[in-house]
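First comes the structure, then the notes that go with it.
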Amino acid sequence: MVLYSTLNPTRFGVYSCAFGSLFMEEKYPFNQIEPKWQKFWTDHKVFKVDTAVHEKKYYCLTMFPYPSGTMHVGHGRNYIIGDAVTRYKMVRGFRVLSPMGWDAFGLPAENAAKQRGVHPKEWTYSNIKQMKRQLESWGIGYDWDREIATCHPDYYKWTQWVFLKLHERGLAYRKNAPVNWCEYCTTLANEEVLADGTCERCGRKVVKKDLTQWFFKITEYAGQLLDDLSLLEKWPEKVRTMQGNWIGRSVGARIDFTIAETGDPCPVFTTRPDTIYGVTFMALAPEHPLVAKLLKNNPRAAAIQAFVEKEKMGSAADRTDNTTKKEGVFTGFHIRNPYNGDLAPLWITNYVLMEYGTGAVMAVPAHDQRDFEFAKTYDLPIKVVIQNPAAALNAATLTEAYVEDGVMVNSAPFDGRGNREALHDMIQHAQDHGFGEFTTHYRIRDWLISRQRYWGAPIPIVHCPDCGVVPVPEKELPVLLPDDVDFKTERGNPLSYHEEFIQTACPKCGKPARRETDTLAQWLCSCWYYLRYVNPRLNTQAYKKEDVDYWLPVDQYIGGIEHAVLHLLYSRFILKVLHDADTCSFREPFNALFTQGMICKRSEKDGQLYKMSKSKGNVVSPDELIREYGADTVRLYTLFIGPPEKDAEWNDAAVEGSFRFLRRIWRRVYETRDTLLASKGLKPDLAKMETPDRDLYRKLHESIAKITHDLEGAFQFNTAIAQIMELMNAVEALKLDATSSDQRKAVMLETMESLIVLISPFAPHVAEELWQELGHPPSILAAPWPEVNRNALARDEIEIVIQLCGKIRSRETIPTSLSPKEIEAHVLALDSVKNIIEGLTVRKVVVVPGKLVNIVAT
RNA sequence: GCCCGGGUGGCGAAAUGGCAGACGCAAGGGACUUAAAAUCCCUUAUCCGCAAGGGUGUGUGGGUUCGAGUCCCACCCCGGGCACCA
């Protein structure tokens with residue numbers, strides 16, 4: 001027994017010839033073969049790709065992780081699936097780009113710094129080291145020469161460049177936005193504010209504060225992002241639906257109402273201009289800019305102000321909860337309906353949102369449920385303008401709004417028309433008369449990308465007293481994040497106290513100016529990383545157009561469903577901008593998307609099933625399992641656990657089953673190796689095989705067909721592995737030794753060699769070792785994927801089912817050579833079948849060749 | 001409320017409209033062993049039956065079909081997303 005540590009790694013090339021059976025012992029020595037092959041893959045740069053070479057490419061990308069510390073087996077599923085795809089495609093002869101990196105900016109690093117005094121950089125890089133070790137111990141194959149970390153200046157230089165591209169194109173702008181503000185922790189997300197209005201982390205009081213912040217105009221691309229979803233045929237329907245909902249297109253019209261008393265315009269957005277003759281009041285959001293004007297010299301000012309203040313103080317959650325009671329206050333003013341000149345009262349209400357549409361709603365209580373509820377509360381008039389053709393509506397007796405289609409009434413020139421049919425003409429009418437137009441509105445808002453945080457890429461902007469907001473020129477990038485900041489004593493964003501960082505010269509006029517101290521949202525770093533992997537060390541550009549045009553879109557993107565909307569939508573947006581800036585020629589970053597389910601485990605505390613997480617205390621560490629069973633077992637079990645797109649429950653006991661299976665393969669090769677090696681050169685010959693060998697040979701080729709199918713279509717690793725298990729069961733049913741027939745030996749050799757290749761994407765270490773044991777030079781990644789021999793699939797006889805009126809009555813073995821007519825005659829002539837139909841009249845016989853015969857008899 | 005998924009043995013699950021429960025886990029029985037571990041063999045949806053065999057079974061109720069876990073209609077439950085979106 002020679003230990004791995006005594007081997008000279010440079011001799012791996014000739015290893016198979018010189019020391020073929022080095023580890024070949026009865027016990028499955030996973031703890032020796034796994035490090036050996038991991039080292040082999042690393043030393044020989046097996047996963048290295050030269051992206052300058054353009055030939056039969058496949059870009060397989062697994063979402064890169066946030067380096068939070070150590071990973072559990074739930075994280076592993078993502079990488080194991082990606083690696084199975086990568087290795088499968090490599091064996092199929094593709095040049096596969098499979099890179100990995102780190103989404104390394106973000107809040108946890110900064111919190112660690114504040115709490116424990118570790119610098120975010122140190123914390124992040126030490127986590128990266130840990131997690132990289134874990135990925136390697138799983139045997140995941142990456143081209144590590146392409147490793148990137150978004151917190152590295154060589155990377156974020158180009159994140160800043162992406163920002164400049166958007167700025168150049170007018171897509172980055174500043175505006176005021178209210179934020180939750182904690183003086184110590186700076187801006188907080190809604191979920192970081194506790195119910196009592198204090199900060200989740202430090203317990204201090206949180207206040208609303210108006211801050212000028214940077215936004216990206218994703219709304220400008222809303223239509224394209226929505227329309228192009230239809231191009232993403234290889235994305236899960238679910239994700240496309242979610243993105244569609246998120247973007248939320250509403251097609252309708254802008255109609256310009258005016259305030260009768262002041263003449264002020266008051267435009268509204270509506271999807272139902274067909275109900276415009278039914279407007280009986282107008283509803284404004286409390287934040288509507290007209291409100292201030294309406295207060296002047298208004299005898300109702302006090303009541304109005306009280307209502308508006310009350311609503312502004314209320315939480316966003318209360319405001320947008322549709323069970324909240326609808327309330328409002330009359331302004332004393334009226335609006336004029338441009339279609340008929342009618343006047344209607346102007347109210348301020350709590351159910352209209354300033355963020356959507358124009359912040360003003362034309363209220364039609366007869367045909368909108370919310371307006372109806374409000375009208376009932378305040379006893380406002382209700383006017384039916386769409387008649388229900390089935391049962392006439394009466395405004396006085398309505399109990400809810402009628403929102404269905406119908407015939408227009410009380411609508412002057414449009415009376416008698418179907419409301420849907422008249423819609424276009426009604427908007428056209430407004431457009432012709434200059435008081436409205438066709439408009440489309442989107443639910444999606446612009447993307448807030450500035451963060452009042454240290455651990456992010458500085459926004460490359462300088463504020464000059466003379467020139468205003470000036471972008472840092474590309475040649476001066478990166479704007480480096482200083483290391484020497486104090487996390488202990490400073491409040492808020494440490495960068496905003498760092499005078500050396502802040503003080504600079506204006507790039508335009510050269511006079512003293514101040515740097516922007518906000519940093520870019522972590523999201524932006526991960527919006528373009530898939531491009532950088534193609535040219536990760538290029539220091540003159542973010543990427544080469546020629547290379548990304550060849551390698552992208554990503555052929556297969558693999559990640560968690562939790563990124564269905566934000567990461568994937570933002571990435572699509574950024575890519576579209578980079579396309580429009582002529583830096584690449586494709587419009588979508590990810591051709592196919594696969595979202596794997598989460599791994600859950602029952603909590604020992606309450607017995608409930610939860611997603612694995614440290615806080616729930618239900619994590620399973622891969623490190624221990626790898627020590628006990630090996631990485632191949634963990635990989636095989638993870639893939640076998642169930643359909644990869646569905647959530648799965650981790651079962652410690654079931655891991656053992658995968659281990660036993662690998663050990664069975666190992667033992668079989670151990671026991672038959674000499675015979676197999678001596679059988680080289682023997683070829684299976686269908687004409688000469690005895691039945692058991694013939695059956696195994698068929699099983700082998702059925703398995704090749706099934707497994708190939710399972711890997712080519714959806715990622716059905718679980719059924720592919722089940723098929724390998726079936727094949728192995730069939731192998732073990734047949735003895736093999738030196739005295740076996742030549743055909744037995746030939747079939748066994750082909751079967752074992754194929755089986756090892758078939759399992760190699762899932763359990764690569766043991767596959768490499770056994771492949772070598774059977775006399776092949778490494779690596780198995782260079783082996784050909786087995787091909788289906790159609791002749792091997794043929795059968796002379798087959799068992800079919802005999803049904804009487806759809807109920808199974810017997811099973812019969814019949815020759816496969818019979819035509820459907822012959823099958824019918826053959827079956828009806830059988831004694832067993834005669835018994836079944838005795839005394840009955842056969843009405844019909846359904847023959848499904850190879851499956852069944854159904855006799856309909858009464 | 002609306003929009004997506006999903007509901008099959010003790011458990012994870014499998015099944016182009018054609019033999020429901022492949023494959024694995026767990027459990028029970030047996031072989032080997034002084035013993036244990038490991039390994040191997042058998043049983044394992046459910047009901048009736050000594051057995052041969054038969055009945056019932058894929059959330060519920062209907063329907064289409066020679067034939068439905070699979071297709072259609074209605075409903076119940078679970079998971080996810082969105083939600084006063086004008």
Side-chain angles (χ1 to χ4, degrees), chain A residues 26-27 236-246 248-250 252-253 255 268-273 275 282-283 285 318-326 349-353 355-364 367-371 373-374 441-444 561-562 564-565 597-598 609 636-637 640-643 645-658 660-661 663-664 667 706 709 716 718-729 732 799-811 843-857:
Chain A
E26 188 173 2
K27 197 166 164 280
E237 184 63 43
K238 185 182 177 180
V239 174
R240 290 193 287 167
T241 307
M242 281 165 70
Q243 291 208 357
N245 289 342
W246 189 264
R249 172 149 55 197
S250 302
I255 305 291
V268 299
F269 171 72
T270 179
T271 56
R272 294 296 305 277
T275 64
M282 168 80 77
D318 288 348
R319 275 289 296 283
T320 55
D321 179 353
N322 64 2
T323 59
T324 301
K325 195 165 176 291
K326 290 173 179 49
T349 72
N350 64 349
Y351 74 94
V352 175
L353 306 175
E355 305 89 71
Y356 190 81
T358 62
V361 169
M362 58 175 234
V364 185
H367 305 294
D368 181 283
Q369 187 58 26
R370 294 155 301 176
D371 298 343
E373 286 167 28
F374 190 84
H441 257 280
Y442 294 93
R443 200 188 75 93
I444 190 173
I561 187 71
E562 65 274 22
V565 176
M598 289 181 303
L609 202 59
L636 194 71
Y637 174 66
F640 186 60
I641 196 167
E645 69 279 7
K646 282 172 64 178
D647 287 354
E649 183 186 342
W650 188 268
N651 178 350
D652 285 321
V655 176
E656 182 97 26
S658 293
R660 280 202 288 260
F661 178 62
R663 189 169 54 186
R664 272 167 57 200
R667 195 159 292 176
K706 163 83 174 147
H709 170 266
Q716 297 175 55
N718 53 329
T719 51
I721 291 167
Q723 186 67 38
I724 298 176
M725 289 173 169
E726 281 191 51
L727 179 60
M728 192 59 204
N729 290 345
E732 288 183 316
E799 190 186 71
I800 62 163
V801 163
I802 309 299
Q803 293 182 336
L804 178 66
C805 295
K807 294 231 175 236
I808 296 161
R809 281 293 173 267
S810 75
R811 290 159 216 276
R843 306 281 174 197
K844 186 176 178 182
V845 179
V846 180
V847 177
V848 183
K851 299 273 186 189
L852 55 74
V853 173
N854 187 14
I855 302 163
V856 185

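Naming convention: chains lettered A, B, ... in sequence-line order (proteins, then strands); numbering from 1 in each chain. For the numbers below, each heavy atom of this structure counts, side chains included, while hydrogens, waters and symmetry mates do not.
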If you only use heavy atoms from C-beta on, which nucleotide in C84(B), A22(B), A86(B) is closest to the side chain of Asn350(A)? C84(B)

To the nearest angstrom, how far is Arg240(A) atom CZ from C3(B) atom P? 18 Å

Mind checking whether Phe374(A) and Tyr351(A) have parallel, tilted or perpendicular rings, split at 30° and 60°? tilted

Which nucleotide wins on minimum distance to the side chain of Ala653(A), given the candidates C25(B), C23(B), A86(B)? C25(B)

Look at the aromatic rings of Phe269(A) and Tyr356(A) and report parallel, tilted or perpendicular, splitting at 30° and 60°. perpendicular

Sequence neighbours excluded, the answer for ring-ring contact (aromatic ring centres under 6.0 Å, His included) partners of Phe640(A) is none

Residue-phosphate contact under 4.0 Å: Arg660(A) side-chain N/O, A26(B) OP1/OP2: yes

For RNA chain B, please output the secondary structure as dot-bracket, reading 5' to 3'. Pairs are Watson-Crick or G-U wobble, both atom distances under 3.5 Å; mark crossing pairs with [ ], other-strand partners with |, unpaired with a dot. (((((((..(((.....[....))).(((((.......))))).((((....))))..(((((..]....))))))))))))....

Could you go step by step and tell me if Ile855(A) and Arg809(A) meet the side-chain contact (heavy atoms from CB on, under 4.5 Å) rule? CA-CA 10 Å; Ile855(A) 302 163; Arg809(A) 281 293 173 267; over 6 Å; no

Rounding to an integer number of angstrom, what distance separates U70(B) and C82(B) when you compare their C1' atoms? 30 Å

Does Lys238(A) make a side-chain N or O approach to OP1 or OP2 of C82(B) shorter than 4.0 Å? no

Value in whole Å for how far the C1' atom of C41(B) lies from CG of Asn729(A): 13 Å

What protein N or O atoms touch nucleotides 9-16 of chain B N or O atoms at under 3.5 angstrom, if any, and at what distances?
unit_1	atom_1	unit_2	atom_2	d
G12(B)	O2'	Ile641(A)	O	2.6
A14(B)	OP1	Asn718(A)	ND2	3.0

Nucleotide G79(B), atom C1' - distance to CE of Met598(A) in whole Å: 9 Å

From the list C85(B), G24(B), C84(B), which nucleotide is the closest neighbour of the side chain of Arg664(A)? G24(B)

Distance, rounded to the nearest Å, where Arg663(A) contributes CZ and A38(B) contributes P: 8 Å

When rounded to whole Å, the CZ to C1' distance for the pair Phe661(A) and U39(B) reads 16 Å

Select base, sugar-phosphate, or nothing to describe what Asp371(A) touches, counting heavy atoms under 4.0 Å on all strands. nothing

Going by an N to O cut-off under 4.0 Å, is there a salt bridge joining Glu237(A) and Arg240(A)? yes

Please classify G62(B) as syn or anti, treating any glycosidic angle within 90° of 0 as syn. anti

How long is the line joining NZ of Lys807(A) and P of G55(B), in whole Å? 6 Å

Sugar-phosphate, base or nothing in reach of Gln803(A), heavy atoms under 4.0 Å: base

May I ask you to say what Val856(A) touches in the nucleic acid, namely base, sugar-phosphate or nothing, with a heavy-atom cut-off under 4.0 Å? sugar-phosphate

Distance check: side-chain N/O of Ser250(A) vs OP1/OP2 of A86(B), anything under 4.0 Å? yes

Between Arg664(A) and Asn729(A), is there a side-chain heavy-atom distance shorter than 4.5 Å? yes

Quick one: CD1 on Ile721(A) to CG on Leu636(A), what's the gap to the nearest 0.5 Å? 4.5 Å

Asn245(A) side chain N/O closer than 4.0 Å to the phosphate oxygens (OP1, OP2) of C85(B)? no

Can you identify which nucleotide, out of C66(B), C85(B), C84(B), has its nearest atom closest to the Asn854(A) side chain? C66(B)

